[in-house]
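Below, all heavy atoms of this structure are taken into account, side chains as well, without hydrogens, waters or symmetry copies.
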Amino acid sequence: MSVTLFDRIEALRAALAVHDGDREELHRVILDCGDRYGGIDRLIYAMALELDFAYGCGFGDSGPDQINSLIELHQVALDVAARGDVR
């Protein structure tokens with residue numbers, strides 16, 4: 001899937017909206033991308049590219065390992081919550 005710079009800009013705007021707690025802006029970005037392309041596939045792909053870029057810049061070659069560690073951490077949290085062990 002090809003992603004344009006516009007897609008990557010929208011992905012970063014969505015990230016800033018989440019950071020700022022601005023649900024209206026996030027909703028606008030999602031709707032605009034949906035209207036423009038008939039779906040949000042490109043936005044999601046652009047977000048994945050930006051996340052990969054951020055981890056690559058921050059952790060270099062160990063970026064994928066850091067992403068996998070974060071996935072495992074979130075999975076453990078989900079498992080604990082499913083068991084009801086949350087205190």
Chi angles and distances behind the side-chain hydrogen bond (donor to acceptor under 3.5 Å, both in side chains) call for S62, D65: CA-CA 5 Å; S62 70; D65 294 333; 5.7 Å; no
For a side-chain contact (heavy atoms from CB on, under 4.5 Å) check, start with the C-alpha distance between R42 and T4, then their side-chain angles and the critical distance, and finish with the verdict. CA-CA 9 Å; R42 289 168 64 138; T4 66; 3.2 Å; yes
Residues L70, Y55; criterion side-chain contact (heavy atoms from CB on, under 4.5 Å); working and verdict: CA-CA 11 Å; L70 190 55; Y55 270 83; 3.0 Å; yes
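With rounding to the nearest 0.5 angstrom, the CD atom of E25 is 10.5 Å from the CD1 atom of I30. Note that the CZ atom of F6 and the SG atom of C33 stand 6.0 Å from one another [nearest 0.5 Å]. Atom-to-atom distance recorded for I40:CD1 and L31:CG is 9.5 Å, nearest 0.5 angstrom. In this structure, CG on D22 lies 8.5 Å from CG on L26, to the nearest 0.5 angstrom.
One hydrophobic cluster, built from ILVMFWY side chains closer than 4.5 Å, cannot hold both M47 and L5; they sit in different ones. Neither L16 nor V29 shares a network with the other; the hydrophobic side chains, linked directly or stepwise wherever heavy atoms of I, L, V, M, F, W or Y lie under 4.5 Å apart, form separate groups for each.
Nearest heavy atoms, D7 versus S2: OD2-O, 4.4 Å. Here the closest heavy-atom approach between residue E10 and residue L43 is recorded as C-CD1, 3.9 Å. Minimum interatomic distance between A46 and V3 (heavy atoms only, all atoms of both residues): CB-CG1, 3.7 Å.
With 3.5 Å as the limit, one finds no donor-acceptor pair spanning the side chains of E72 and N68.
More than 12 heavy-atom neighbours from other residues, nucleotides or ligands sit within 6.0 angstrom of CG on L78. Annotation for F53: atom CZ does not count as buried by contact number, only 12 or fewer foreign heavy atoms lying within 6.0 Å. Within a 6.0 Å sphere centred on CG of D61, other residues, nucleotides and ligands contribute 12 heavy atoms or fewer.
One finds a salt bridge joining R8 and E50 here, because a Lys/Arg side-chain nitrogen approaches an Asp/Glu carboxylate oxygen to under 4.0 Å. By the 4.0 Å N-to-carboxylate-O rule, D32 lies close enough to R28 to be salt-bridged with it.
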